[in-house]
Amino acid sequence: VQLQASGGGLVQAGDSLRLSCVASGRSSSIHGMGWFRQAPGKEREFVASVLWSGGFENYADSVRGRFIISRDNAKIAVYLQMTSLKPEDTAVYYCAGSSLLCLGGGCYDDSDEYDHWGQGTQVTVSS
């Protein structure tokens, strides 16, 4: 499975941005999709996830209410709509796919649950 992330850029605080991640290859093996981010000097952290068949959206507390994860099964893509961006949202954003089937809350929020990773896209929010 290959994951291609795009949509990053330089924006001002309060702006919105939409990240996209398109899957190719044996995408039928994916059950969960997620977004993680890594800021300079910090560890990679969970942002949001969704069950590929739908539902069970999960968000980090720091982005809940501002970010929305969605997916398009026909395009084999997952999106991250980011609004009210803050300088602390500045990071490289990675999309990831998991072959683990996990139902219910609290799934797909650990990077260890993922076995496919995209290349990352830079998001920079200026104050």
Side-chain angles (χ1 to χ4, degrees):
V1 177
Q2 293 77 44
L3 301 176
Q4 181 70 41
S6 62
L10 172 63
V11 297
Q12 293 185 333
D15 284 351
S16 300
L17 206 57
R18 186 193 194 210
L19 305 183
S20 301
C21 178
V22 178
S24 60
R26 292 190 61 187
S27 57
S28 60
S29 66
I30 294 176
H31 292 290
M33 292 290 292
W35 288 95
F36 288 75
R37 67 186 182 186
Q38 187 167 18
K42 295 186 177 180
E43 294 186 352
R44 187 173 300 187
E45 65 175 0
F46 167 75
V47 176
S49 65
V50 65
L51 187 66
W52 186 243
S53 58
F56 298 112
E57 292 88 1
N58 191 17
Y59 297 94
D61 290 342
S62 59
V63 306
R64 186 175 291 111
R66 299 188 297 122
F67 292 9
I68 296 176
I69 188 170
S70 62
R71 88 263 185 267
D72 185 329
N73 288 22
K75 296 182 179 180
I76 319 179
V78 64
Y79 307 98
L80 186 68
Q81 179 66 49
M82 305 184 294
T83 62
S84 302
L85 282 162
K86 305 174 181 180
E88 50 263 43
D89 294 318
T90 295
V92 177
Y93 284 71
Y94 298 89
C95 64
S98 174
S99 58
L100 173 71
L101 179 59
C102 179
L103 302 177
C107 294
Y108 303 120
D109 60 356
D110 189 327
S111 59
D112 289 342
E113 297 178 280
Y114 293 85
D115 35 18
H116 306 286
W117 292 86
Q119 83 287 3
T121 184
Q122 176 71 47
V123 173
T124 303
V125 184
S126 64
S127 58

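Values below: every heavy atom of this structure, side chains too, minus hydrogens, waters and symmetry copies. Just so you know, residue 1 is the first one in the sequence shown, and it goes up from there.
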- Classify the side-chain pair Glu113/Ser111 by whether it contains a donor and acceptor separated by less than 3.5 Å. no
- Query: For the side-chain contact (heavy atoms from CB on, under 4.5 Å) test, which of Thr121, Thr90, Val47, Leu80 pairs with Arg37?
  - Reply: Val47
- Does any non-hydrogen side-chain atom of Leu101 lie less than 4.5 Å from one of Leu51? yes
- Query: Taking C-beta and beyond as the side chain, do Tyr59 and Ile68 meet within less than 4.5 Å on heavy atoms?
  - Reply: yes
- Task: Report, as yes or no, whether the 6.0 Å neighbourhood of atom CZ on Arg26 holds more than 12 heavy atoms from other residues, nucleotides or ligands.
- Result: no
- Measure from NZ or CZ of Arg71 to the centre of the six-membered ring of Tyr79 and say whether it is under 6.0 Å with the direction within 45° of the ring axis. no
- Task: Run the numbers on Val50 and Phe56 for side chain to side chain contact (heavy atoms under 4.5 Å, CB included), then give the verdict.
- Result: CA-CA 6 Å; Val50 65; Phe56 298 112; over 6 Å; no
- Note on the structure: Closest heavy-atom pair, Arg66 versus Leu85, reported as atoms and distance to 0.1 Å, is NH1-CA, 3.9 Å
- Message: Using side chain to side chain contact (heavy atoms under 4.5 Å, CB included), reason through Val22 and Lys75 one step at a time and then give a plain yes or no.
- Response: CA-CA 7 Å; Val22 178; Lys75 296 182 179 180; over 6 Å; no
- Taking all atoms of both residues into account, what is the closest heavy-atom pair of Ala5 and Cys95, and its distance? CB-SG, 4.0 Å
- Task: Supply the atom-to-atom distance His116 NE2 to Ile30 CD1, rounded to the nearest 0.5 angstrom.
- Result: 5.5 Å
- Task: For the pair Tyr93 and Phe67, name the ring-plane relationship: parallel under 30°, tilted 30 to 60°, perpendicular over 60°.
- Result: tilted
- Query: Do Ser49 and Tyr114 come close enough that some side-chain heavy atom pair is under 4.5 Å?
  - Reply: yes
- Side-chain heavy-atom pair Ile76, Ser24 within 4.5 angstrom cut-off: no
- Answer yes or no: is there a side-chain heavy-atom contact under 4.5 Å between Trp117 and Leu3? no
- Message: side-chain hydrogen bond (donor to acceptor under 3.5 Å, both in side chains) for Thr124 and Gln122? Distances and angles first, verdict last.
- Response: CA-CA 6 Å; Thr124 303; Gln122 176 71 47; 3.3 Å; yes
- State, yes or no, whether a side-chain contact exists between Gln12 and Val125 at a heavy-atom distance under 4.5 Å. no
- Evaluate the side-chain proximity of Ser70 to Gln81: yes if any heavy-atom separation is below 4.5 Å, no if none is. no
- Item | Stepwise side chain to side chain contact (heavy atoms under 4.5 Å, CB included) check, Val1 with Ser29 | CA-CA 8 Å; Val1 177; Ser29 66; 3.7 Å; yes
- Task: Measure the shortest side-chain to side-chain distance between Met33 and Cys21 over non-hydrogen atoms and say whether it is less than 4.5 angstrom.
- Result: yes
- Task: Report the C-alpha distance between Phe46 and Asn58 in whole Å, list the side-chain angles of each, state the deciding distance to 0.1 Å, and finish with yes or no for side chain to side chain contact (heavy atoms under 4.5 Å, CB included).
- Result: CA-CA 10 Å; Phe46 167 75; Asn58 191 17; 3.9 Å; yes
- Item | Where Tyr108 and Ser98 come nearest, the two heavy atoms and their spacing | CE2-OG, 3.5 Å
- For Ser16 and Val11 the tightest heavy-atom approach is O-CG1, 4.4 Å
- Query: Charged N to carboxylate O below 4.0 Å: is that the case for Asp89 and Lys86?
  - Reply: no
- Query: Looking only at heavy atoms, what is the nearest atom pair of Lys42 and Gln38, with distance?
  - Reply: O-NE2, 3.1 Å
- What about Phe36 and Val92, same hydrophobic cluster or not, with Ile/Leu/Val/Met/Phe/Trp/Tyr joined at side-chain heavy-atom distances under 4.5 Å? yes
